[in-house]
Each structure stands twice: as C-alpha cells, then as structure tokens.
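Report on the structure given below.
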Amino acid sequence: MLLADLAQVSGDVAATSARSQKIALLAGLFRAAAPEDAPVVIPYLAGRLPQGRIGVGWSVLREPVAAADRATLTVREVDAALTALARVAGAGAQGERRRLVRELLAAATEDEQRFLIGLLTGEVRQGALDALAVEGLAAATQVPPADVRRAVMLAGSLRDVARALLAEGPQALAEFRLTVGRPVGPMLAQSAKSVAEAVERLGACAVEEKLDGIRVQVHRDGPDVRIHTRTLDEVTDRLPEVTAVARALPATRFILDGEVIALDGAGRPVPFQRVAGRFGSRVDVSAAHAALPLSPVFFDVLSVDGRDLLELPGEQRHTELSRLVPEPLRVRRCVVRDPADAAARAAAEDFFAATLRRGHEGVVVKALDAPYSAGRRGAAWLKVKPVHTLDLVVLAAEWGHGRRTGKLSNLHLGARGPDGGFVMLGKTFKGLTDATLGWQTERLRELAVRDDGHVVTVRPELVVEIAYDGLQTSSRYPAGVTLRFARVVRYREDKTAAEADTVETVLAAHAGGEE
DNA sequence: TTCCGACAGTGGGGTCGCAAT
DNA sequence: ATTGCGACCCCACTATCGGAA
C-alpha cells in the first residue's frame with residue numbers, strides 16, 4: 001500500500017467532523033490493507049508510530065524539504081526507514097537522524113510530507129486517534145466494537161489486536177484476557193468540585209486519599225515482578241523498592257494498582273517534583289534510590305491467584321486488596337454506605353480535610369459497586385482537590401495553533417511586584433470558551449505594544465481570575481515559583497491592574513505548606 | 001427532544017538523559 | 001561544563017458527536 005493512500009484518507013478524516021464518517025473512512029482503508037501492511041497502517045491512522053517516539057522532533061523537521069512530485073513511497077518502506085532511524089544512537093546520531101528524515105521527506109509528496117510530519121511530532125490533528133481506529137477496525141472486520149475495545153484494553157496494544165484479528169479472525173479476540181505480566185490500561189477518574197458533589201453523584205462510595213506521585217501497575221508472577229506506568233511503559237528497573245515490596249506480599253500471582261510517592265522523616269509526602277526527579281533517574285538508580293526512597297501505596301487489585309477481579313464491585317475488590325496488602329501499603333479510606341446519612345457525609349468531609357492536613361493532594365471518591373473499567377475515564381471514580389484562585393494581569397499572549405489559529409490563546413500571567421512592575425508566574429491556555437477566546441483576542445490586540453509573530457506583548461491592564469492547584473518551584477520564572485495547572489476562570493473587567501494580587505500575597509498564601 | 005458519556009484538541013511546567021556546543 | 005532537544009511524568013478544560021434517556 002502506498003503512503004499516499006494513507007495521507008489521502010487522513011486528509012479526508014480531518015475534513016469531516018462526523019465521527020461515523022471518520023470511522024467509515026478508516027474502515028475502508030483497513031479493509032484494503034494487505035495483512036502485512038495492517039500492523040503499520042492501523043497505528044499510523046491512529047496517529048501513532050508502531051516504534052513509539054523515535055527521537056525526531058520539531059528542530060529536525062523545522063526546515064522544509066523539497067517534495068517529490070510523484071507518490072512512490074510504500075507504507076512498508078516508510079516503516080523500515082523509521083525502524084532504522086529509531087536505532088540510530090551515539091555520537092553523530094543527531095546529524096544522522098536528520099539526514100535520514102530529510103531523505104525520507106524528499107521521497108514524499110507534499111500531502112505525504114504533511115502526514116509524516118504529523119506522525120513524527122505526534123500531531124496528526126485528523127480528529128481520530130486510538131478510539132476511532134478501534135471503531136474502524138471493528139467495522140472493517142465486522143466484529144462488535146465493544147469486543148475489539150475490550151481486547152485492546154486488556155492487550156494494552158491496538159497493534160497486537162489488529163494483527164491477531166486480521167490474521168485469525170474474530171475468535172482471536174478471546175485470546176486477549178487479563179494476564180499477569182501484560183499491562184492493561186488503568187482506570188482513570190473524572191473531576192468533581194467537592195466531596196459533597198461527588199457523594200451526591202455516586203451514592204454509596206468510598207473516599208480514598210489521592211496521593212501526588214507516579215501511577216504504577218505492579219504485576220507479580222512468582223519471582224517475576226514487572227511495573228508499568230499509566231501509559232504502560234515498563235519501569236521495573238527504576239523501582240527496586242517496589243519490586244521488593246511486591247515479593248514480600250502473601251501471594252505469588254497478582255496485579256496491583258497504586259501510586260508511588262516519597263515520605264519525609266516525619267511521614268509527610270515529598271513534593272511531586274522531587275518524586276518525579278527520582279523516578280526519572282535511570283543511570284544510577286541505586287544512588288537515586290538511596291537519596292530518596294520511594295514507597296508504593298496501593299488502592300486496587302485486578303487479579304489474584306489466577307482470579308480475574310475486573311468485574312467485581314469495587315467494595316469486593318477492596319476486600320481482596322486488604323487481604324493481600326497490609327495497612328501502611330494501602331491508601332487510607334472512609335466509606336459512605338448511606339449517602340442519606342448526614343453523619344457519614346460529615347465523616348467524609350472530615351476525612352478530606354484530614355487528608356489535606358497530612359499533606360496529600362486530595363481524595364478520589366469511588367462508587368462501591370463499580371467494576372474496574374480498564375483504560376476508561378469513567379464517572380465511577382471522581383477526584384476532588386482544593387482549588388486556589390488569584391487575580392492576575394495579562395502581560396502577553398501567544399498566537400494559537402490548530403483550531404486556535406488566528407486567536408490569541410496562551411496567556412502570560414503576572415502578579416504585581418514590589419516596585420510597581422509585574423512578575424510573571426506562568427502561562428495558561430485552559431478554561432477558555434470560544435467566545436472568551438474571541439473576546440480576548442480583540443481586547444489584547446487593542447492593548448498590543450509588540451508582535452513578534454509568536455508572542456504579542458500588551459499593556460498590562462487586563463485582569464483575569466486564575467484557578468490553580470498550588471505552587472511549584474521554578475527556575476524559569478523570576479519569583480522562583482510557578483502556578484501548577486493554571487486555568488482561566490473569568491475576566492475581571494471590574495478590576496484594574498493596580499487591584500491585582502501581589503507576588504507577596506501569592507507566596508504568603510503557600511508559605512509553610514506545599515500544596 | 002434533551003441529556004450526557006466519550007473523544008479529541010490545546011497546550012502548561014519539571015525532570016532526566018543524551019548529543020552538540 | 002553548559003545548552004538544547006526530546007521523552008514522559010503530572011495535568012484542566014472545552015467542543016463536539018451520537019447514542020441513551
């Protein structure tokens with residue numbers, strides 16, 4: 001199959017907004033793909049490389065390459081070229097990768113180049129990723145989408161399922177069962193504004209600590225322990241202490257879901273930044289380990305002694321968990337059996353407050369009767385975190401990309417400094433409706449003093465209310481801190497810049513506590 | 001007919017490892 | 001030794017489609 005066919009379909013998919021149409025287009029191409037092409041074609045049209053990220057980014061792709069005028073590249077040629085490229089390493093690797101990429105692009109037409117660059121940067125922007133590729137695969141093979149989706153979740157891989165399905169037919173899906181040693185997509189949580197709202201939405205529920213660390217899925221099969229992240233990357237080598245914990249538990253085959261954090265001498269959690277630093281250390285793990293030991297804390301069990309627990313209600317899985325994992329290795333929790341019981345609701349609020357006092361991020365409220373929905377962000381788990389707000393001044397804004405092209409999108413945010421100037425605390429593009437986006441573009445253009453084509457600097461007059469999750473240390477910004485997860489709540493046209501919050505108040509609000 | 005679940009998009013900051021400077 | 005780049009941790013929020021209610 002020619003790469004041009006993929007580029008064509010990708011363009012067609014991007015051109016329609018109807019999901020049904022996108023799925024039909026994908027299915028059409030999957031049907032036309034030869035069995036040897038399918039393991040490449042399907043990830044490509046899900047916007048991903050089968051090799052994963054291969055060390056090619058914007059700096060390599062920045063300079064344009066003259067396009068070919070005839071489409072000759074086959075999908076398999078491209079895959080072979082990228083496989084070779086992914087293997088390049090060592091001194092001179094940058095230059096060699098650059099040469100290989102440019103060679104590939106020179107053989108591609110303009111449309112093919114656009115598609116390849118999208119794949120390499122992870123920005124195909126066709127309005128279809130894994131989920132719609134699964135639907136397309138189901139349509140192409142005439143298998144119920146739910147069956148394919150389930151197999152993909154349990155296999156942790158669209159490509160493997162596609163290969164099996166196309167080679168062996170629908171019965172191949174039965175092979176994809178929960179298997180110790182093979183990671184599954186972790187269940188994710190939605191957000192709620194308060195514990196009261198979460199309890200209201202869920203009914204009978206458990207309120208559990210939300211720890212601010214790295215999500216891990218731990219598989220043990222006899223002496224063999226494997227640890228995977230949220231995106232299913234294997235990180236066993238980096239977490240020897242987790243392996244040791246898993247080996248010490250009173251069962252030999254299981255899959256646990258939890259979070260890895262670090263505790264200081266007083267038993268309080270260490271800030272996420274330090275945990276991430278330790279977790280990211282790969283060269284000398286034992287030194288990093290000694291400097292900051294990590295502790296796993298578990299909150300779910302998916303399998304034990306060969307029993308698949310995914311379909312069990314959360315409460316029964318918790319019973320299994322408490323049998324397998326002793327107290328300090330489990331998250332604390334508080335159960336609300338009857339949401340109509342005022343005392344139980346009050347206990348849940350107290351638990352939330354106590355969790356924050358212990359230095360944790362918040363809570364996750366979980367329906368007692370919900371199964372483990374692997375790979376889904378269902379409404380059965382709701383996270384609740386405290387939110388802070390500030391009134392800050394817009395110092396500049398950046399031109400947006402994609403659907404925000406032509407709009408001023410990413411705002412530079414400043415607090416009032418001691419000398420009457422403004423101190424930048426970070427940026428945000430989140431929380432904006434299209435209407436607000438349009439409005440701020442107009443307003444900021446009126447206030448513009450400079451436009452370098454990327455950043456538009458403005459007179460510091462517009463005040464915007466910003467929600468954020470806390471401060472984190474920063475080497476990038478002058479105050480030495482930046483806002484974590486900043487997002488726009490609303491513009492404060494009733495306020496002047498002189499009434500915005502000061503750096504001093506921002507720092508004081510978080511003094512002594514690290515949220 | 002309206003509501004709501006699932007998806008995709010739009011990027012944020014920090015940290016590490018690696019190669020280039 | 002320092003700098004720049006890419007990968008990958010953490011993540012919030014809105015718009016949209018299309019099936020459920």
Side-chain angles (χ1 to χ4, degrees), chain A residues 13-14 16-23 46-47 52-60 62 88-98 120-135 149 188-191 211-216 229-231 233 235 238 259-260 271-284 288 361 373 375-379 383 385 387 398 400-405 407 409-413 425-437 466-477 481-489:
Chain A
V13 167
T16 174
S17 65
R19 277 181 202 162
S20 46
Q21 186 62 28
K22 288 177 191 283
I23 292 165
R53 306 311 316 252
I54 59 173
V56 174
W58 277 113
S59 71
V60 181
R62 201 157 30 200
V88 175
Q94 205 86 319
E96 178 63 2
R97 273 206 287 262
R98 189 188 175 78
L120 290 165
T121 58
E123 295 177 7
V124 289
R125 290 179 165 140
Q126 61 180 14
L129 296 170
D130 262 21
L132 293 200
V134 164
E135 298 282 339
R149 198 157 45 225
L188 305 172
Q190 295 180 8
S191 298
L211 309 179
D212 192 12
I214 311 286
R215 181 88 176 260
V216 287
T229 63
R230 192 165 97 73
T231 49
D233 291 317
V235 292
R238 284 188 254 166
E259 191 90 1
V260 163
F272 172 77
Q273 278 173 298
R274 286 191 60 207
V275 176
R278 154 67 167 86
F279 177 75
S281 302
R282 275 158 283 180
V283 168
D284 190 348
E361 194 184 9
S373 313
R376 323 225 61 169
R377 192 179 291 284
K383 55 184 160 186
K385 297 189 283 186
V387 174
E398 296 172 14
H401 299 91
R403 70 185 297 281
R404 291 190 175 187
T405 299
K407 302 281 193 237
S409 174
N410 200 6
L411 303 174
H412 295 199
L413 305 167
L425 285 177
K427 307 181 191 179
T428 186
F429 55 89
K430 298 172 187 168
L432 298 162
T433 61
D434 285 0
T436 305
L437 196 64
I466 298 294
Y468 65 107
D469 278 18
L471 297 183
Q472 52 186 358
T473 60
S474 171
S475 55
R476 178 178 313 217
Y477 293 111
V481 295
T482 187
L483 307 178
R484 195 173 183 202
F485 309 139
R487 58 268 190 195
V488 171
V489 179

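Quantities reported herein were computed from a predicted structural model and do not represent experimental measurements. Values reported hereafter were calculated over all heavy atoms of this structure, with side chains retained and with hydrogens, waters and symmetry mates removed. Just so it is clear: chains get the letters A, B, ... in the order the sequence lines come, proteins before strands, and each one is counted from 1.
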Closer than 4.0 Å, any side-chain N/O of [X] to the OP1 or OP2 of [N]?
| X | N | answer |
| --- | --- | --- |
| A:Asn410 | B:dT10 | no |
| A:Arg487 | C:dC11 | no |
| A:Thr433 | C:dC13 | no |
| A:Gln273 | B:dT15 | yes |
| A:Thr428 | C:dA12 | no |
| A:Ser59 | C:dG6 | yes |
| A:Lys407 | B:dT10 | no |
| A:His401 | B:dG9 | no |
| A:Ser474 | B:dG14 | yes |
| A:Ser20 | C:dC17 | no |
| A:Arg215 | C:dC9 | no |
| A:Arg125 | B:dT10 | yes |
| A:Ser409 | B:dG11 | yes |
| A:Lys383 | C:dA12 | yes |

Starting from P on C:dT3, measure out to CD on A:Gln94 and report it in whole angstrom. 18 Å

Using whole Å, report how far CD of A:Glu398 lies from P of B:dG13. 8 Å

Donor-acceptor pair under 3.5 Å: do we get one between A:Arg403's side chain and the base of B:dT10? no

Taking for each residue the nucleotide of DNA chain C bearing the nearest heavy atom, is the 5' side occupied by A:Val488 or by A:Thr229? A:Thr229

Heavy-atom nearest nucleotide on DNA chain C for A:Val60 versus A:Arg230: which residue maps closer to 5'? A:Val60

Salt-bridged, A:Glu398 to A:Lys427, with N to O below 4.0 Å? yes

Test item: A:Leu432 and A:Leu437 side chains (from C-beta on) under 4.5 Å apart, heavy atoms: yes

Close side-chain approach of A:Glu135 to A:Arg149, heavy-atom, < 4.5 Å: yes

Is it possible for you to check whether A:Arg484 lies under 6.0 Å from the centre of the six-membered ring of A:Phe272, through NZ or CZ, and within 45° of that ring's axis? yes

Under 3.5 Å for both donor-acceptor distances, Watson-Crick or wobble: does B:dC3 have a partner, and if so which one? C:dG19

Heavy atoms under 4.0 Å, any strand shown: does A:Gln126 hit a base, just sugar-phosphate, or nothing? sugar-phosphate

After noting the C-alpha distance and the side-chain angles of A:Arg403 and A:Asp434, does the key distance pass the salt bridge (charged side-chain N to carboxylate O under 4.0 Å, His left out) rule? CA-CA 10 Å; A:Arg403 70 185 297 281; A:Asp434 285 0; 3.1 Å; yes

